[in-house]
There are 2 protein chains.
Amino acid sequence: MAAKAELAQAGAKRMAFQREHEYVSPRGLFDNVEPKGSRRFLTAAVSAFHGRGYHATTTRDIATLAGSSPAGIYTYYATKADLLYEIALIGHQYILDETEAALLVTDDPIGRIAEIVRRSVTYHAEEHVLTRVVNRDFQALDVQRLATIMKMRRRISTIVRDEVRRGVELGIFEVDHLEGTTIAVLRLMDVASWYNERGPMSPDELAEVYVGLILRMLGAPAAASDQAGDGKTAVNG
Amino acid sequence: MAAKAELAQAGAKRMAFQREHEYVSPRGLFDNVEPKGSRRFLTAAVSAFHGRGYHATTTRDIATLAGSSPAGIYTYYATKADLLYEIALIGHQYILDETEAALLVTDDPIGRIAEIVRRSVTYHAEEHVLTRVVNRDFQALDVQRLATIMKMRRRISTIVRDEVRRGVELGIFEVDHLEGTTIAVLRLMDVASWYNERGPMSPDELAEVYVGLILRMLGAPAAASDQAGDGKTAVNG
DNA sequence: AGACTCGGCAAGCAAGCGCTTAGTAGATCA
DNA sequence: TGATCTACTAAGCGCTTGCTTGCCGAGTCT
């Protein structure tokens, strides 16, 4: 029947469009999300939000990228905002874990800041599609969910601020204004908004440049960025 | 008549709402916009975009803030995007003029960078409502208008990059990676996204902190930020 | 006074939005 | 083989959106 052929064609068109605009998390951040069937909607939403922003993205955009009908989303998510929230949680939880893990590498403030910056920059560069969405669109969340995300962001800020302060107290850093400097460090670590994966710098190279810039900004001794370790050799070697 | 009373009431409600959410440009950036009648729609749009973002703002939001009916906008602007474009042009033209003017103050790369940073930070802090809109929502523009804005942004980047390079060539700065460092400087100067006018720092104080941070990041001599002048005393005094 | 201009209004249109509903193909069980 | 469940679809509802239309009162000119 003509009707059936039309339907098959619509399905094929959806799948073609889907493959063209696929987002696959370089670090596999969505590989363990349950239920399994929801993953394609999450990654489709990341891709759609990345291109147009949350508010300009329609549920039909997301459904098309996920290769489903407009109603398919609602099998797993009650609202468009639920999708954004789960994405924001995953992205924020990951960088929070990374930041906390960086503290375990060493006690030295220089080594810790270097490790925090290194992990954050490589993450924001490799996952620039995800982190651009997370760091730009989280502000579209409703007040309660926004508060949860803000709490996670504040934990990261606190870790950085504490480490900078400790470095100052130990006479390793020299900082005029703690709060302004902390925010500067945090802003520099988020390279997602401008990082270009087809540009000349790999995430690792970029990270080393930014470790150097930030340590210098903190007034660390000139040779500090060499002493800070490269995250591959032993710290106390 | 009851109908007439209702209309008067609707008008009064509009005006009350308008005054509550007013945006007035601290630097008077909209004072010379023509035609005169369009100004209230521009500032209303800045206020509305600031609160919700471009895509989440409705033309009715803007009209209400401007104290007009939904149709009032279209006396001056054909589309919602036209409003955003004029706002983006005004904001970008101002900081571009400021950046170019900073070059006239001195020939010294340290003095020039200091002056650029000082002007940019005070502008982004004082006009944080406008600059937050301009720097966040300009990406919602259509391709052609976006290209015009991007060209202005690139001119600012070029000025900063050239000055950093010149400082390196003169042996005043010491920079590992020119492009990464230039972007870092540009990112740090935009304090709009986090500046809080009820916080402890005035725009001028914040600017001096950031002049210091950035000059240190560029590897300028330790005493550079003192030598850089404070923008009030004579440069060669 | 009468004609004209202009800023603004009430009303409303077409399109697109988020989301709902009723129903079904296909896998899994007995 | 038939019952049951799950993931999904076609269709569409109610509402909001950006924008248009036809109109009008106040000010300005002749």
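Both backbone and side-chain heavy atoms feed into the values below; hydrogens, waters and symmetry mates do not. Chain letters run A, B, ... following the sequence lines, proteins first and then strands; every chain starts at 1.
- Distance B:Arg39 CZ to C:dG7 C1': 15 Å, rounded to the nearest Å.
- The CZ-C1' distance, from B:Phe49 to D:dG18, rounds to 12 Å in whole Å.
- The side chain to side chain donor-acceptor pair (under 3.5 Å) pairs that include a residue from residues 72-83 of chain A are A:Tyr77-A:Glu86, A:Thr79-A:Asp82, A:Asp82-A:Arg145, where partners are two or more places apart or lie in different chains.
- For the pair A:Phe41 CZ and D:dT9 C1', the computed distance is 11 Å after rounding to whole Å.
- One atom, CZ of B:Arg60, and another, P of C:dG8, lie 18 Å apart when rounded to the nearest Å.
- For A:Tyr195 (side chain) and A:Met201 (main-chain N/O), a donor-acceptor pair under 3.5 Å exists by modelled atom type.
- In this structure, CD1 on A:Ile149 lies 11.5 Å from CZ on A:Arg154, to the nearest 0.5 angstrom.
- The stretch residues 75-84 of chain A touches DNA chain C through A:Thr79, A:Lys80, each having a heavy atom within less than 4.0 Å of the strand.
- Between A:Arg136 and A:Ser193, every side-chain heavy-atom pair lies at or beyond the 4.5 Å cut-off.
- Taking for each of A:Ala56 and A:Ala71 the nucleotide of DNA chain C with the nearest heavy atom, the 5'-most of the two is the partner of A:Ala56.
- The distance between atom CZ of B:Arg52 and atom P of D:dG18, rounded to the nearest whole Å, is 11 Å.
- A:Ser38 comes within 4.0 angstrom of no nucleic acid atom, judged by non-hydrogen atoms across all strands.
- Side-chain contact check for B:Tyr54 versus B:Val133: every heavy-atom pair is 4.5 Å or farther apart.
- Judged by the 6.0 Å and 45° rule, A:Arg153 forms a cation-pi pair with A:Phe138.
- Put simply, NZ on A:Lys36 is 12 Å from P on D:dC8, counting in whole angstrom units.
- Among residue pairs with one or both ends in residues 44-59 of chain A, those qualifying as salt bridge (Lys or Arg N to Asp or Glu O under 4.0 Å) are A:Arg52-A:Asp61; sequence neighbours excluded.
- The side chain of B:Ser68 contributes no N or O atom lying less than 4.0 Å from OP1 or OP2 of C:dG8.
- Atom-to-atom, OH of B:Tyr74 to P of C:dA10 comes out at 16 Å; the value is rounded to the nearest Å.
- Of the side-chain N and O atoms in B:Thr59, one or more sit less than 4.0 angstrom from OP1 or OP2 of D:dG18.
- Here the C1' atom of nucleotide C:dG18 and the CD1 atom of A:Ile73 are 9 Å apart, to the nearest Å.
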